[in-house]
Structure formats: structure tokens, C-alpha cells
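What follows is a short report on a single structure.
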Amino acid sequence: MRLDKFLKLSRLIKRRTVAKDVANQGRIEVNSQPAKASSDLNVGDEVMIQYGHKKLVIQVESLQEHVKKDQTTRLYTVIKEEKVETND
């Protein structure tokens, strides 16, 4: 499954276009490698997403084409969530 589609289905990012923009900015890594929106994900992959002042690391648990809103957390497990300090 494409990275941008997974992020939308899991509701980690609301829209595929936003997921694509975040990936193009170099703020997403899959298995410690920079990822494109079109990168293929597999079960067991580790994904790091950097939102504004937060860094989230998840592990992909399931890849499904259709997911109900209340079951989205079954798609991944949060490994680490931390604040990122910026030097503004």
C-alpha cells in the first residue's frame, strides 16, 4: 500500500495531498530512510512522521483498503512520540 494512502486511512494525516506534501518536505521516513508519498509499505515497517513540534514513530500492524473510523488504531502501534525543540 502506498504511504500517502496508509496515512490517510489511519487518519494520522487527514488528506493524501497533505501526506504527499509532508513526504516531499522530507519529514517522513520509513525504516530510517527518507520516504516518498508513493513508497510501498509492508506490515512491520517503522514510520517516522515529523509534525510541527512533534515526532511520531509508529509500526505498521495491518494494511487494509477500507477501515472504519473507530478501528483505525488497529493499523499501527505507536512506538515513540516526542516533542521536537526548534531554535527559532
Side-chain angles (χ1 to χ4, degrees):
M1 176 180 291
R2 287 174 54 110
L3 174 63
D4 57 348
K5 186 172 183 179
F6 176 81
L7 293 173
K8 181 195 177 296
L9 284 174
S10 64
R11 291 171 173 77
L12 290 167
I13 295 180
K14 291 189 181 206
R15 293 183 186 87
R16 280 180 79 170
T17 54
V18 175
K20 182 180 177 190
D21 292 341
V22 172
N24 288 341
Q25 294 169 4
R27 299 187 323 184
I28 301 177
E29 294 179 0
V30 175
N31 297 326
S32 302
Q33 299 294 319
K36 294 182 179 179
S38 61
S39 298
D40 277 330
L41 282 183
N42 298 304
V43 173
D45 283 350
E46 194 171 286
V47 181
M48 186 282 297
I49 309 163
Q50 185 173 343
Y51 303 97
H53 297 286
K54 183 170 82 169
K55 193 179 281 189
L56 180 67
V57 180
I58 62 158
Q59 182 171 353
V60 178
E61 298 294 339
S62 176
L63 298 173
Q64 299 175 13
E65 292 295 322
H66 303 284
V67 182
K68 292 184 180 181
K69 188 174 185 176
D70 61 340
Q71 297 177 342
T72 57
T73 55
R74 294 181 184 178
L75 296 177
Y76 62 90
T77 302
V78 176
I79 297 173
K80 184 170 56 172
E81 188 173 354
E82 61 186 18
K83 288 188 177 184
V84 177
E85 297 296 323
T86 58
N87 297 334
D88 291 337

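Numbers here are sequence positions counted from 1.
- Cluster annotation: Val60 is not connected to Met48 through the hydrophobic network of ILVMFWY side chains, with a link wherever side-chain heavy atoms come within less than 4.5 Å.
- Considering all non-hydrogen atoms of both residues, Ala23 and Ala37 come closest at CB-N, 3.7 Å.
- Here Glu82 contributes atom CD and Lys55 contributes atom NZ; the two are 5.5 Å apart, rounded to the nearest 0.5 Å.
- Note: Gln71 CD to His66 NE2 = 13.5 Å, rounded to the nearest 0.5 Å.
- Rounding to the nearest 0.5 Å gives a distance of 9.5 Å between CD1 of Ile13 and CG of Asp21.
- Considering Val78, Ile79, Asp45, Val47 in turn, Ile79 is the only one that fulfils the side-chain contact (heavy atoms from CB on, under 4.5 Å) rule with Gln59.
- The pair Arg16-Asp4 counts as a salt bridge, with a side-chain nitrogen and a carboxylate oxygen less than 4.0 angstrom apart.
- Around atom CZ of Arg11, more than 12 heavy atoms belonging to other residues, nucleotides or ligands sit under 6.0 Å away.
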* From CA spacing to verdict: salt bridge (charged side-chain N to carboxylate O under 4.0 Å, His left out), Glu81, Lys54 -> CA-CA 7 Å; Glu81 188 173 354; Lys54 183 170 82 169; 3.3 Å; yes
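- The two residues Ile28 and Ala19 make their nearest non-hydrogen contact at CD1-O, 4.1 Å.
- Shortest non-hydrogen contact noted between Asn42 and Leu63 is CA-CD1, 3.9 Å.
- The backbone N or O of Glu46 sits less than 3.5 Å from a side-chain atom of Asn31, completing a donor-acceptor pair.
- Put simply, Val67 and Leu41 are part of the same group of oily side chains (I, L, V, M, F, W, Y) that touch within less than 4.5 Å, one to the next.
- Using modelled atom types, no side-chain atom of Ser39 and backbone atom of Ala35 make a donor-acceptor pair closer than 3.5 Å.
- Between Leu75 and Phe6, the shortest heavy-atom contact is O-CZ, 3.8 Å.
- Once rounded to the nearest 0.5 Å, the distance linking CG of Leu9 with OH of Tyr76 reads 12.0 Å.
- Residues Glu61 and Thr77 bring a donor and an acceptor atom of their side chains to less than 3.5 Å of each other.
- Here the straight-line distance linking atom CD1 of Ile49 with atom CG of Leu7 works out to 5.0 Å at 0.5 Å rounding.
- Under the 4.5 Å side-chain criterion, counting only non-hydrogen atoms from C-beta, Lys36 is not in contact with Lys20.
- Across every non-hydrogen atom of Ser62 and Arg74, the tightest pair is CB-O, 4.0 Å.
- The pair Lys68-Asp70 does not count as a salt bridge, with every side-chain nitrogen at least 4.0 angstrom from each carboxylate oxygen.
- Residues Gln64 and Met1 share a closest heavy-atom pair of O-CE, 3.1 Å.
- No path of Ile, Leu, Val, Met, Phe, Trp and Tyr side chains, each step under 4.5 Å between heavy atoms, connects Tyr51 with Val57, placing them in separate hydrophobic clusters.
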